[in-house]
**Q** 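Pasting in a structure now, in structure tokens, and then I'll have a few things to ask.
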2 protein chains.
Amino acid sequence: MGTTQLETAPEPKYWHLKTVLSDALDSEFAVGEILPNERELAARFGVARATLRQALEQLELEGRLQRRRGVGTTVAPPRMGVAVGDSAHGRPGTAADGWQPVDADEAVPPTAVARLLGTAAGETVQVVRRIRKTHGQPVAAELLYVPVESVPGLSVPEGLPGAARARLVLRELEDLRPDGQDQAVELGSARADDAKQLDRLPGAPVLVVTTRYFAGGRTAAVAVATYRADTCRLTFGDNGAAEAVPAVLAG
Amino acid sequence: MGTTQLETAPEPKYWHLKTVLSDALDSEFAVGEILPNERELAARFGVARATLRQALEQLELEGRLQRRRGVGTTVAPPRMGVAVGDSAHGRPGTAADGWQPVDADEAVPPTAVARLLGTAAGETVQVVRRIRKTHGQPVAAELLYVPVESVPGLSVPEGLPGAARARLVLRELEDLRPDGQDQAVELGSARADDAKQLDRLPGAPVLVVTTRYFAGGRTAAVAVATYRADTCRLTFGDNGAAEAVPAVLAG
DNA sequence: CAGTGGTCTAGACCACTTT
DNA sequence: AAGTGGTCTAGACCACTGT
């Protein structure tokens, strides 16, 4: 007879662990509850800590868990629906939908952005930093690149503090009333500066939303927004039913 | 004087490694080129293999590298722009834009999907499996859930092979001409079956696109599509300039 | 078959938060 | 100071791909 186990399909330990933990989260834990620490969990399941961590990482990636150094691992709430496709929200400069201006500067954009803007290499543009909060939590950090040609009337007083300067550029851009936009979403990892604003560690998974704003047949501005992938579900709606959709399976 | 190094900011080794490798990829490697193997690279940089792998994982997550077991690590081409927001593409049933029907069945949807559809718990729906290819490569696997109420005229002959049955449901659905849709994007990890169709390992990072199709004030169908996060950049465009946008920084 | 990436272990130390 | 998650090591073996 030989080996009895046919079709054994050697599932990795961390994968099996993940499903076990996932089921346990559904049935035995409430949102916000703290799990036993990693060493304890590893011992309980009879695996090395690294293996246990591999399972936890996956669950965190799927938005099921939240881990904070020095604190512990907690059960994460369902992901927030965040509207990004809605033109009303998307237009830069429209105030108070969770976006807060942080800073502004004149700088040379990354080459990829410069290519989108159609500016020459080395040419400086206005760079506005914004942060977006939902339910008090930071969900996105954005860099908005505006060529000076797009805001010809702009004059920035010397010594103006950053947030005020940012508001000034945004207000100016609002008058432009862009007539179209274009968005792309891809997976990335948080740069150190973005990570700090999003209250995450560098390298944390983020959804990078690149938006092109068109005005008068030109690309008037480009925004690169990095959303926390663990806590956010980006919604693109004909109708803004953001909160209605629950987190989806696919784990 | 004490320690000379102030503001040392102890950057993790794998993080520093990642930037070093990233720069090397830009300057010294061509797309498709194979890197030295992991043991060799780890030795060259004087780190443990696990640490080297942590850096490679990040680069793979960002779409810079592609790793295949038994083969090696290669430099990945820029991400493909894949249109998902365009209604013309998005409508289920419109043929031949890269989508290929695979199979169809009658089954009970996951509870999250049932909630979106507004069907009773335990109620069966038509489930169509599709796969999307671009440039010959699989980029997405989709499950399309269609309540029987949405396609009242449907009659499925017994013993019809899967792909034909799928085409039948899609054709029926096409007649419905849904009048609106609603999309959400979130990060997930590939289930075993999706992973196989996407030619990836289970757990690989994917972008999960949930689409609701509306017809006559009801939710006529729900599609859950999982896109390969490493190779795809999802585009939501007023104009379909999918290929024009290069991959973005944010690494 | 040899060579590759994928999994796993049993430790150690570090950075951070809370008490 | 104690406890947490984050980083790192040096090894081992496994699963898969090519020849």
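Hydrogens, waters and symmetry mates play no part in the numbers below; they use all other heavy atoms, side chains included. The sequence lines fix the lettering, A, B, ..., with proteins before strands; numbering per chain opens at 1.
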**Q** Under 4.0 Å between a side-chain N/O of A:Asn37 and OP1 or OP2 of D:dG3, yes or no?
**A** no
**Q** Would you classify A:Leu56 as touching base, sugar-phosphate or nothing, given that sugar-phosphate means primed atoms plus P, OP1 and OP2, and contacts are heavy atoms under 4.0 Å?
**A** nothing
**Q** Rounded to the nearest Å, what distance is computed from the CG atom of residue A:Leu59 to the P atom of nucleotide D:dG5?
**A** 14 Å
**Q** Closest approach to the side chain of A:Arg53, judged atom by atom: which nucleotide of D:dT17, C:dT7, D:dG6 is it?
**A** D:dG6
**Q** Any N or O donor-acceptor pair under 3.5 Å from the base of C:dG3 to the side chain of B:Arg69?
**A** no
**Q** What is the distance from CD of A:Glu38 to P of C:dG11, rounded to the nearest Å?
**A** 17 Å
**Q** When you check the side-chain N and O atoms of A:Thr74 and A:Gln66, is any donor under 3.5 Å from an acceptor?
**A** no
**Q** Taking the nucleotide of DNA chain D with the closest heavy atom to each, which residue, B:Gly70 or B:Val47, is nearer the 5' end?
**A** B:Val47
**Q** Can a side chain N or O of B:Arg67 be found less than 4.0 Å away from OP1 or OP2 on C:dT4?
**A** no
**Q** Quick one: is B:Tyr14 getting a side-chain N or O under 4.0 Å of the D:dC8 phosphate, OP1 or OP2?
**A** no
**Q** Whole angstrom is fine here: how far is it from CD in A:Gln58 over to P in C:dC8?
**A** 11 Å
**Q** Fit a plane to each ring of A:Tyr227 and A:Trp99, take the angle between them on a 0 to 90° scale, and name the class: parallel (under 30°), tilted (30 to 60°) or perpendicular (over 60°).
**A** perpendicular
**Q** Look at A:Thr73 and D:dT4 and indicate whether a side-chain polar atom (N or O) is within less than 4.0 Å of OP1 or OP2.
**A** no
**Q** Does a nitrogen or oxygen in the side chain of B:Thr51 sit under 4.0 Å from OP1 or OP2 of D:dT9?
**A** yes
**Q** Between P on C:dC14 and CD on B:Glu11, what's the gap in Å once rounded to a whole number?
**A** 18 Å
**Q** Rounded to whole angstroms, how far apart are CZ on B:Phe45 and P on D:dC8?
**A** 14 Å
**Q** What integer distance in Å separates B:Leu201:CG from D:dC14:C1'?
**A** 13 Å
**Q** Heavy-atom count check: over 12 atoms from other residues, nucleotides or ligands less than 6.0 Å from A:Asp199 CG?
**A** no
**Q** Quickly work out the B:Leu65 CG to C:dG6 P distance and round it to whole Å.
**A** 11 Å
**Q** OG1/A:Thr210 to CZ/B:Arg233 distance, rounded to the nearest 0.5 angstrom?
**A** 8.0 Å
**Q** Give a yes or no on whether a donor-acceptor pair under 3.5 Å exists between the nucleobase atoms of C:dG3, that is its base, and the side chain of B:Arg39.
**A** no
**Q** Mind checking A:Arg49 for me? I need base, sugar-phosphate or nothing, with any heavy atom below 4.0 Å counting as a touch.
**A** base
**Q** Take atom NZ of B:Lys13 and atom P of D:dC8, then tell me their distance rounded to the nearest Å.
**A** 7 Å
**Q** Quick check: are there more than 12 heavy atoms from other residues, nucleotides or ligands sitting under 6.0 Å from CZ of A:Arg68?
**A** no
**Q** For A:Gly46 and for A:Arg68, find the nucleotide of DNA chain C with the closest heavy atom, then tell me which residue's nucleotide is more 5'.
**A** A:Gly46
